[in-house]
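Some notes on the structure that comes next.
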2 protein chains.
Amino acid sequence: MPTYYEDYEVGDTEEFGERTVTKEEIIEFAEKYDPQPFHTDEEAAKETMFGGLAASGWHTAAICMRMYVDHMIDEASQGARGVDELRWIKPLRPGDTLTAEVEVVDKYPDENNPHIGYVDTKLTAYNQDDEAVISWIGLGIIDRKSTAE
Amino acid sequence: MPTYYEDYEVGDTEEFGERTVTKEEIIEFAEKYDPQPFHTDEEAAKETMFGGLAASGWHTAAICMRMYVDHMIDEASQGARGVDELRWIKPLRPGDTLTAEVEVVDKYPDENNPHIGYVDTKLTAYNQDDEAVISWIGLGIIDRKSTAE
């Protein structure tokens, strides 16, 4: 059964994952979307502030989105309006394994459309050493049970 | 010559692009990172709030990042701490052509590290009908000329 707007409670948390990232996919994504030396070139990356190859922050977000979709998203989800406070806290390195934690931080009905409500969730992803790598607050749009049924 | 922290002025704007997105790449990205029906399945997408296939918001961001890297990023750039107020304003559709506008909205030195400063830029990307599709405020880290020379 889908998780409707009414089913979410502020303070609810979920943990899920996990996903190991390879050097090859870090470079492949970066060559396509974010070709900066610290994302594409293992040698050149050593001379930068990153001190070695690190995934594009957008790649890190995309990997977490995939874990989020696989675990939390169902047909009651209607996308998102955006994201607040996206933070790249630590570099994601080749061989790192991510797990994610999601907390419902707010919910509110749409004033005009009785079919949907808004659910804000804070996602934080950790590496294998339990260090936070990325976090953001997603502004999700969710179907309301009362009108879906 | 690189654009250093000192070279940025609040209020500076740049326009650049353009990039046309195909149905094939929308589906390819979404199957990997955001497999929701409105991003992966042209027929199923018609029955959703999107009313048709639309790019993952993370894909839209990644495409804009590529335009940003190609136009604005040089060796004085040391990545970013994150992004505020990421908004998916309109769906990005197959065949749409994006152009981007970037405005410097704030800058401030690092209190502890004399080698870097922070430059906040608001990126807005528009489709071929001049409708805003996505916007965000990027929190960039930029080398300082005074210590780089």
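Here is the naming used below: chain letters follow the sequence lines, and residue numbers restart at 1 for every chain.
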Item checked: Structural part of Ala80(A) lying under 4.5 Å from a heavy atom of chain B ->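 Contact with chain B involves both backbone and side-chain atoms of Ala80(A).
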Next item on the list: Name, in order of residue number, those residues of residues 21-41 of chain B that have a heavy atom at a distance of less than 4.5 Å from a heavy atom in chain A; otherwise write 'none'.
Entry: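 Heavy-atom contacts from residues 21-41 of chain B to chain A are Glu28(B), Phe29(B), Glu31(B), Lys32(B), Tyr33(B), Asp34(B), Pro35(B), Gln36(B), Phe38(B).
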Notebook entry, point to check: Under 4.5 Å, heavy atom to heavy atom, which residues of residues 7-16 of chain B contact chain A?
Noted result: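 Against chain A, none of the residues of residues 7-16 of chain B fall inside the cut-off of heavy atoms under 4.5 Å.
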Please check if [X] and [Y] belong to a single hydrophobic cluster, counting links between Ile, Leu, Val, Met, Phe, Trp and Tyr side chain heavy atoms closer than 4.5 Å.
| X | Y | value |
| --- | --- | --- |
| Val69(A) | Met67(A) | yes |
| Ile63(A) | Val102(A) | yes |
| Tyr108(A) | Ile141(A) | yes |
| Met72(A) | Leu98(A) | yes |
| Leu123(A) | Trp58(B) | yes |

Checklist line | Neighbourhood of chain B inside residues 131-140 of chain A, taking heavy atoms under 4.5 Å as contact | finding: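 The list, in residue order, reads Trp136(A), Leu139(A).
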Checklist line | Toward chain B: residues of residues 81-91 of chain A with heavy atoms under 4.5 Å | finding: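 Listed by number, the contacting residues are Arg81(A), Gly82(A), Val83(A), Asp84(A), Glu85(A), Leu86(A), Arg87(A), Trp88(A).
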Checklist line | Which atoms of Ser77(B) approach chain A - backbone, side chain, both or neither, heavy atom under 4.5 Å | finding: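 Both parts, backbone and side chain.
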Checklist line | Part of Ile73(B) lying under 4.5 Å from any heavy atom of chain A | finding: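 When you check distances to chain A, only side chain atoms of Ile73(B) fall under 4.5 Å.
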Notebook entry, point to check: Do other residues, nucleotides or ligands put more than 12 heavy atoms under 6.0 Å from the NZ atom of Lys122(B)?
Noted result: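 Counting neighbours around NZ of Lys122(B), 12 or fewer heavy atoms of other residues, nucleotides or ligands fall under 6.0 Å, so no.
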Note to self: Take a 6.0 Å sphere around CD of Glu18(A) and say whether it holds more than 12 heavy atoms from other residues, nucleotides or ligands.
What the structure shows: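 No.
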Margin query: Which one wins on heavy-atom pair count under 4.5 Å against chain A: Glu75(B), Gln78(B), His59(B), Arg66(B)?
Written below: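 It is Arg66(B).
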